[in-house]
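Each remark here refers to the structure printed beneath this line.
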2 protein chains.
Amino acid sequence: MHFDQLILQIKQRREELQITQETLAEIAEVGLRTLKQFESGKGNPTLQTITKISEVLGMELKLQIKPLNQIK
Amino acid sequence: MHFDQLILQIKQRREELQITQETLAEIAEVGLRTLKQFESGKGNPTLQTITKISEVLGMELKLQIKPLNQIK
DNA sequence: CTAAAAAGTGCATTATACCGCACATTAACT
DNA sequence: AGTTAATGTGCGGTATAATGCACTTTTTAG
């Protein structure tokens, strides 16, 4: 299972805000190791972890219905 | 931490599709216990679990930037 | 090129998600 | 009301996420 899109968005957003992993981890109150793990594509974070990180970055997780005829 | 919105959406979507927790769990290949836990508001699922469930329901997780002047 | 900062990784421990099972509670249908 | 389907929950084992620490690699700034 790839979360590439999510990872990329988090990374890009963090870089846009010019925050280091260390700072983000601190503010979001997640372990630095956890954030590193996630951003480097390993790991399978919990909803809570992703939510904490997203919130600090001014983002939120949304569920949307997939378009039916999605071109694979 | 509140995942109420996400939970509600999953539940509603499942009910719209008239699928039982049992069926959804089977198709999504997650434990029935896990799905029950999530839908009943306990638990903190992993990204993988949420993704599996969402996909079966024809939905996808998206990260979006929060509006700045959000009326709390 | 070089030094410092940032990001990635191996290892070990602790916390907890995942899961099945059995049973309880609630909802739906006749 | 009674029966059945569906959902919720306590218990307990297994898998793995979360975390810190120490170290390596990569990136960035001078």
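Here is the naming used below: chain letters follow the sequence lines, and residue numbers restart at 1 for every chain.
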(message) What is the distance, to the nearest angstrom, from the CZ atom on A/Phe38 to the P atom on D/dA17?
(response) 13 Å
(request) Grab the CG-P distance between B/Leu35 and D/dT9 for me, whole Å please. (result) 13 Å
(message) So, does A/Thr20 get its side chain near the phosphate of C/dA6, meaning an N or O under 4.0 Å from OP1 or OP2?
(response) no
(request) For the residue pair A/Gln37 and A/Arg33, confirm or rule out a side-chain donor-acceptor distance under 3.5 Å. (result) yes
(message) Nearest whole Å is fine: how far is D/dA5 C1' from B/Glu22 CD?
(response) 10 Å
(message) Tell me the interatomic distance from A/Glu26, atom CD, to D/dT19, atom P, rounded to whole angstroms.
(response) 13 Å
(message) Can you see if the side chain of B/Thr46 gets near the phosphate of C/dC18 - specifically, an N or O under 4.0 Å from OP1 or OP2?
(response) yes
(request) Return the value, rounded to whole Å, for the distance between atom CG of A/Leu24 and atom C1' of C/dA6. (result) 13 Å
(request) For the residue pair A/Lys62 and B/Gln64, confirm or rule out a side-chain donor-acceptor distance under 3.5 Å. (result) no
(request) Take the protein atom CD of B/Glu39 and the nucleotide atom P of C/dA17, then report the distance between them rounded to whole Å. (result) 17 Å
(message) Check this one for me: any side-chain N or O of B/Gln21 less than 4.0 Å away from OP1 or OP2 of D/dG8?
(response) yes
(message) For B/Ser54 and B/Thr51, which I'm curious about, is there any donor-acceptor pair between the side chains at under 3.5 Å?
(response) no
Could you list the protein-to-nucleotides 20-26 of chain C atom pairs, N/O on both sides, closer than 3.5 Å?
from: C/dG20; atom 1: O6; to: B/Arg33; atom 2: NH1; distance (Å): 3.1

(request) Mark yes or no for whether A/Asn44, through its side chain, and B/Thr46, through its backbone, hold a donor-acceptor pair below 3.5 Å. (result) no
(message) Check this one for me: any side-chain N or O of A/Thr34 less than 4.0 Å away from OP1 or OP2 of D/dA17?
(response) no
(request) Take the protein atom CD of B/Gln48 and the nucleotide atom P of D/dA15, then report the distance between them rounded to whole Å. (result) 15 Å
(message) Do B/Ile7 and B/Leu63 land in one hydrophobic cluster if side-chain heavy atoms of ILVMFWY residues count as linked below 4.5 Å?
(response) yes
(request) Indicate, with yes or no, if A/Val30 and A/Leu17 share a hydrophobic cluster defined by side-chain heavy-atom contacts under 4.5 Å among Ile, Leu, Val, Met, Phe, Trp and Tyr. (result) yes
(message) Does D/dT9 have OP1 or OP2 under 4.0 Å away from a side-chain N or O of B/Lys42?
(response) yes
(message) Strictly below 4.0 Å: does B/Thr49 bring a side-chain N or O up to OP1 or OP2 of C/dA17?
(response) no
(request) Rounded to the nearest angstrom, tell me the gap between atom CD in A/Gln37 and atom C1' in D/dG20. (result) 13 Å
(request) Please check if A/Leu61 and A/Leu8 belong to a single hydrophobic cluster, counting links between Ile, Leu, Val, Met, Phe, Trp and Tyr side chain heavy atoms closer than 4.5 Å. (result) no
